[in-house]
Protein chains: 4
Amino acid sequence: MRKRPQQQRSRQMVETLVDATARCIVENGLDGATTPRIAELAGVSVGSLYQYFDGKEALIEALVERMAADIAKGLKRLPMEPTGNLRDMISAAIRFGFTLLNSGDGLYVELVRNWHRLPTQKVADTLQQHFLELARLYFLKHYREHPVENLQVRTFIIVNSTIFTMVRLISQDHPLVRQEDVAEGLIEMIVGYMESGPQAA
Amino acid sequence: MRKRPQQQRSRQMVETLVDATARCIVENGLDGATTPRIAELAGVSVGSLYQYFDGKEALIEALVERMAADIAKGLKRLPMEPTGNLRDMISAAIRFGFTLLNSGDGLYVELVRNWHRLPTQKVADTLQQHFLELARLYFLKHYREHPVENLQVRTFIIVNSTIFTMVRLISQDHPLVRQEDVAEGLIEMIVGYMESGPQAA
Amino acid sequence: MRKRPQQQRSRQMVETLVDATARCIVENGLDGATTPRIAELAGVSVGSLYQYFDGKEALIEALVERMAADIAKGLKRLPMEPTGNLRDMISAAIRFGFTLLNSGDGLYVELVRNWHRLPTQKVADTLQQHFLELARLYFLKHYREHPVENLQVRTFIIVNSTIFTMVRLISQDHPLVRQEDVAEGLIEMIVGYMESGPQAA
Amino acid sequence: MRKRPQQQRSRQMVETLVDATARCIVENGLDGATTPRIAELAGVSVGSLYQYFDGKEALIEALVERMAADIAKGLKRLPMEPTGNLRDMISAAIRFGFTLLNSGDGLYVELVRNWHRLPTQKVADTLQQHFLELARLYFLKHYREHPVENLQVRTFIIVNSTIFTMVRLISQDHPLVRQEDVAEGLIEMIVGYMESGPQAA
DNA sequence: GATGAATGAGCTTTCATTCAT
DNA sequence: AATGAATGAAAGCTCATTCAT
């Protein structure tokens, strides 16, 4: 970002532009979201856009960050106490995921689809960190001992498996399987996996 | 394809162009693979490219189809008899997947990453069909009865979970987890899932 | 037009571009009037051209419209009162036509020649409407009664006969007949035709 | 033409190519008639096309010439004796014109529309010559004396007026006037003109 | 003679970005 | 600060024509 938004007006402008970016992606897809279109949607000149952002990438980065923050906030609100039941926690997380991906008029789905062209490292890390910590605490409560490294692998697998399976499903024009069934399947699979073996994979 | 290659020379040309497309994607990414660049890499004029292919899309479609054929061939060679051991089968499939994705200088990975912009429906269906059939036979042998619908959901989940987890892993610049560990984790997870419950999820 | 010109500068730009289009057609013919050439003639980048016009067609449409307006203005200035003498009116119109077609370095001629590839419907209609109305008024004054439908046919015939005969003549490299003679011939023919019969053809 | 078609086969090839050109123009318009398309329609390679014709222009020239010959033949068959009635002669000519333009699936119309991009000088001259001669003979019979120069102007006017009025009419998507009415109008106008004045315009 | 593969200049169009106003 | 006019490299694609086979 070019400028620290210090004034009220500036913070407003940044907001507006990021909003416009989101809307533009929803309406035109990531590739169709051009700077002129975004500026127009924001009701602002291209020049102004570049006054607040270094370019298209920066704009999208800001959007991704904002969404990451939203997701983090959402996750924290989930009833996931490490003292609780594992299946319930996982179920809550997966249903939260579906809800999120189905919201925003396809914005989330479009962004996840294009993850490799976006600055998503941070988001991915956040998610992974969140679930890793959760798992750590959970297993600490329930088993006392557990190999952390192993947990990292498990977290990596379940986070990615879940997200991309969901996105693939939602992206299908004529899905052959129902979301509800996939949600239950994922829960089944992940619960089984997390409870499996001598915590050593 | 625009023209049925009638001479020896032209069949050669088609090959060369698809090869060039592959190399171009490897070197420049999918977005960077432009018709001028592909033609240049192929040592051919743009005009020639358009004599054989309707455009960029057709070129990529041809590449995808060729790769799909390769994958299908590879899958058939895998030692996966429905009479065999489930874990061994899954293990073989996953290791085959990693081998494939690690080959081709990142071509496979780049293509999977961009799945939603490619004519991949066929490939995805093929894979799913393949494993669905395999699962069907396997469970027929071992349990006699099983709900097919359910199998479809499971196949969908495991195929997508596996592929995208792998691609995400390989895409990381500084992976925090080792491929070997992820391979084992995936095997563990999938075997557990496929054996779980009264075949009803 | 793509953009409503908001600044002084941009209204200028639109003018410049339409001018350049006209000059380009004069110099290179309608087919030779390409967007790069027009932009260059205008002393402007191609990009700018596309900021103001949707493309070549839009550019030409703008030119045609401007010329149509000019023609309309010219026609209105002609001393053609329905109270006047028929031959004088027709003579004035035909001489105006020749003057117009001989002006603009051949621009008009080139455009009429290519009428079928241009958005000329409006122009043609305008002309026809103009003369139809004139004829209507004239005959109302002089004969009281006359079949209107018939007038429409007559107008169609004389407008097209006149214009294309003129254009064909001007297009000839080594005309075998003189413009003056053709002008008089046309006048003779049309006057005769308009006065002929019991207004029923 | 590159080659005098001396062998049976060659003459056949030339025929075939010119036929294909005609069909191609009908199907794709003059601009859409490309050499590859023509060759394909002819069931011949582009190479062969260039063996018999110097290029696209030559091909079209050949077509135009063939059509000119057809027209000339048709004109000669018309019952137009200079001893006959003027109106009947003109009527026959105009009806012949409409018949021709309505035939050939629009080929004639498309060619006349694009007259200025075609080698039509000869065709035009032929037509003009034909009617000039006819007029000369006619007036010789009926009036003994008449100024030839004047006849040339008249011929020029009536030929062009007629043809382009017809083509304009046929080109209209939703004609506001009927062909029959226009035919009669043209006849009226031309007869009047040819009979007008002391043969001096 | 016949073939059709190969050419490449040139067209239309887009869009991230700059900079004079 | 804000504007939006201007840029121009680069993309996708066509087609008349040539020439090795």
Side-chain angles (χ1 to χ4, degrees), chain A residues 3 7 9-10 13 31-40 44-59, chain B residues 2-14 31-39 42-57 59, chain C residues 2-14 31-39 42-57 59, chain D residues 3 7 9-10 13 31-40 44-59:
Chain A
K3 250 175 219 179
Q7 301 180 0
R9 205 168 35 145
S10 303
M13 171 71 87
D31 287 320
T34 67
T35 39
R37 278 212 256 252
I38 291 170
E40 198 191 344
V44 159
S45 70
V46 225
S48 292
L49 188 157
Y50 277 87
Q51 204 112 47
Y52 289 94
F53 292 92
D54 273 341
K56 201 190 174 184
E57 287 209 352
L59 209 37
Chain B
R2 231 173 214 186
K3 211 184 242 179
R4 289 280 124 217
Q6 294 174 10
Q7 297 183 359
Q8 170 60 33
R9 210 173 12 155
S10 42
R11 241 165 300 145
Q12 179 57 46
M13 173 93 276
V14 167
D31 287 320
T34 67
T35 38
R37 279 213 257 254
I38 292 170
V44 152
S45 70
V46 223
S48 291
L49 190 159
Y50 278 91
Q51 287 226 333
Y52 294 98
F53 292 94
D54 272 338
K56 200 190 169 182
E57 286 209 353
L59 218 29
Chain C
R2 230 173 215 184
K3 214 183 242 177
R4 288 280 123 219
Q6 293 173 12
Q7 297 184 1
Q8 170 59 35
R9 211 176 6 157
S10 43
R11 240 164 302 144
Q12 180 56 48
M13 171 93 277
V14 167
D31 287 319
T34 67
T35 38
R37 280 213 256 252
I38 291 170
V44 152
S45 71
V46 224
S48 291
L49 189 158
Y50 278 90
Q51 287 227 332
Y52 293 97
F53 293 92
D54 273 339
K56 200 190 168 179
E57 287 208 352
L59 219 28
Chain D
K3 245 176 225 180
Q7 303 180 1
R9 207 165 37 143
S10 302
M13 171 72 86
D31 287 321
T34 66
T35 40
R37 277 214 257 254
I38 292 170
E40 197 192 342
V44 158
S45 70
V46 224
S48 291
L49 189 158
Y50 277 87
Q51 203 111 45
Y52 289 93
F53 292 93
D54 273 341
K56 201 189 173 182
E57 288 210 350
L59 210 36

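Chain letters run A, B, ... following the sequence lines, proteins first and then strands; every chain starts at 1.
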What is the distance from CZ of C:F53 to C1' of E:dT12, rounded to the nearest Å? 16 Å

Counting side-chain heavy atoms from CB outward, which of E:dA6, F:dT3, F:dT7 is closest to B:Y52? E:dA6

Can you measure from CE (B:M13) to OG (B:S48) and round to the nearest 0.5 angstrom? 6.0 Å

Taking the nucleotide of DNA chain F with the nearest heavy atom to each, does C:L49 or B:G55 sit closer to the 5' end? C:L49

Quick one: pull up OG in D:S10 and CD in D:Q51 and give me the separation to the nearest 0.5 Å. 9.5 Å

Name the residue closer to the 5' end of DNA chain E, choosing between D:V44 and A:A33 according to the nucleotide with the nearest heavy atom. D:V44

Side chain to side chain, B:T35 and B:Y50, heavy atoms closer than 4.5 Å: yes

If you only use heavy atoms from C-beta on, which nucleotide in E:dT12, F:dA2, E:dA2 is closest to the side chain of A:S48? F:dA2

At 4.0 Å (heavy atoms only), tell me whether D:T35 reaches a base, stays on the sugar-phosphate, or touches nothing. base

Please tell me which of C:S45 and B:R37 maps to the more 5' nucleotide of DNA chain F, matching each residue to the nucleotide holding its nearest heavy atom. C:S45

Base-pair map of DNA chain F as dot-bracket, where | denotes pairing with a different strand and pairs are Watson-Crick or G-U under 3.5 Å: .||||||||||||||||||||

Which nucleotide in the set E:dA5, F:dA6, E:dT12 lies at the smallest distance from any side-chain heavy atom of D:V46? E:dA5

Between the side-chain atoms of A:Q51 and the base atoms of F:dA1, is any donor-acceptor pair under 3.5 Å? no

What pairs of nitrogen or oxygen atoms, one from the protein and one from nucleotides 19-21 of chain E, lie under 3.5 Å apart?
none

Side chain to side chain contact (heavy atoms under 4.5 Å, CB included) filter on B:A42, not counting sequence neighbours, yields B:T16, B:L17, B:A20, B:V44

Assuming nearest nucleotide by heavy-atom distance, tell me which of D:M13 and C:K56 is located more 5' along DNA chain E. D:M13

A:I38 has an atom CD1; how far is it from atom C1' of E:dC15, in whole Å? 12 Å

Minimum-distance nucleotide to C:P36 side chain [options: F:dA16, E:dT12, E:dA16]: E:dT12

How long is the straight-line distance from CG of B:L49 back to CD1 of B:I38, given to the nearest 0.5 Å? 6.5 Å

For B:D31 and F:dG12, give me the distance from atom CG to atom C1', rounded to whole Å. 14 Å

Without decimals, in angstroms, what is the distance between B:L59 CG and F:dA11 P? 15 Å

Heavy atoms, side chains only, cut-off 4.5 Å: are B:F53 and B:V14 in contact? yes

